[in-house]
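All remarks here apply to the structure that follows.
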Amino acid sequence: MSQLLYEGKAKQIYSTENPEEVLIHYKDDATAGNGAKKAQFEDKGVLNAAISTMIFEYLIENGIKTHLIKQVNDRDVLCEKIDIVLLEVIMRNIATGSLTSRLGIKEGTKLNPPILEFCYKKDEFNDPLINTDHALALGLATREEIETISEEARKINQLLIKLFAEIGIELVDFKVEFGRNPKGEIVLADEISPDTCRLWDVETHSKLDKDRFRQDLGNVIDAYREIHKRLLARKEK
Ligand code: UDP
């Protein structure tokens with residue numbers, strides 16, 4: 001019997017018969033501003049399950065360790081059960097959002113090198129920006145784990161820049177999460193989708209990600225469909 005273990009803003013996690021595996025169920029819910037803004041978009045869960053699985057499969061083919069086992073239906077993905085590291089790992093290639101207001105870097109500036117940031121995954125504190133010392137003092141991970149996470153995040157960034165470039169998309173920034181799998185290894189977990197990336201069309205510069213919802217730009221689901229369509233076309237080539 002499968003049991004609901006955890007319910008997040010966009011996904012539910014269910015137990016399976018195997019104690020080392022879980023089922024991740026993608027919902028149609030969208031939230032922004034730490035839950036302040038809420039909506040539902042028909043088929044968002046189906047699109048994100050498919051998009052995230054295609055991206056994780058691509059990363060696995062390129063040597064990245066992840067929690068993915070296999071997608072089992074249009075909304076459910078079987079994954080290794082992990083102990084999540086309470087860090088939101090953000091990689092930025094192009095300045096936008098808080099970076100422009102916080103540091104005065106002009107919107108659209110190419111960041112060289114790409115900027116790696118850690119946020120403490122804690123809704124009560126609004127996921128504050130922290131550094132390695134904070135993460136160590138909070139006991140979120142060991143120094144070795146943080147080094148692995150940083151190296152993996154930079155590798156993932158290079159691979160994703162290449163993947164998205166192939167489908168006419170500029171990868172502005174994204175967030176990833178890591179966990180410890182049953183073998184104790186650090187693996188990429190959670191999802192990579194238009195909910196967790198900023199994706200700009202190379203030619204039109206239109207935003208094809210969750211900023212359409214955050215900024216009330218409309219056509220949210222059309223953007224997700226477009227990303228799904230292009231990734232699928234690349235895969236089927
Ligand atoms: N992000 C995410 N979940 C979060 C916070 C950020 O997926 O809880 C992603 C977001 O979609 C964007 C990147 O991480 O691609 C940077 O977002 P951040 O919230 O740090 O925004 P900014 O500081 O740039 O306004």
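When a ligand or atom number is given, it counts from 1 through the structure's own listing order. Note that the structure is predicted; figures quoted are calculated from it, not measured. Sequential numbering from 1 along the given sequence is applied to the chain's residues.
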Exercise. Of all the non-hydrogen atoms in the protein, which one sits nearest to atom 12 (C) of ligand 1, and at what distance?
Worked result: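 That would be Asp173 OD1, 3.2 Å.
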
For this session: Give the residue, atom name and distance (to 0.1 Å) of the protein heavy atom nearest atom 25 (O) of ligand 1.
Result: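 Here the closest protein heavy atom is Ser98 N, 2.9 Å.
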
Exercise. For ligand 1, which part of Leu99 has a heavy atom less than 4.0 Å away: the side chain, the backbone, both, or neither?
Worked result: neither

Seminar exercise, completed: Any heavy atom of Ile90 under 4.0 Å from ligand 1? The part involved is side chain

For this session: Would you please determine whether Arg198 falls within less than 4.0 Å of ligand 1 on a heavy-atom basis?
Result: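 Flag set, Arg198 near ligand 1.
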
Exercise. Does Arg214 have a heavy atom less than 4.0 Å from any atom of ligand 1?
Worked result: yes

Exercise. Which ring-ring contact (aromatic ring centres under 6.0 Å, His included) pairs, counting each pair once, include a residue from residues 61-119, with sequence neighbours left out?
Worked result: Phe56-His67

For this session: Over 60° means perpendicular and under 30° means parallel, so classify the ring planes of Phe125 and Tyr120, tilted if in between.
Result: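 Plane angle between 30° and 60°, so tilted.
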
Problem set entry | Ion pair check, Asp29 and Lys11, cut-off under 4.0 Å | no

Problem set entry | Arg198 bridged to Glu170 by N-O distance under 4.0 Å | no

Exercise. Counting heavy atoms only, which of Lys9, Glu177, Glu88, Lys210 comes nearest to atom 4 (C) of ligand 1?
Worked result: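 Minimum heavy-atom distance to atom 4 (C) of ligand 1 goes to Glu88.
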
Problem set entry | side chain to side chain donor-acceptor pair (under 3.5 Å) partners of Thr148, counting only residues at least two apart |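 Expected list: none.
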
For this session: Measure from NZ or CZ of Lys37 to the centre of the six-membered ring of Phe213 and say whether it is under 6.0 Å with the direction within 45° of the ring axis.
Result: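 Positive - Lys37 is close enough to the ring of Phe213 and near enough to its axis.
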
Exercise. Got a protein heavy atom sitting under 4.0 Å from atom 19 (O) of ligand 1?
Worked result: no

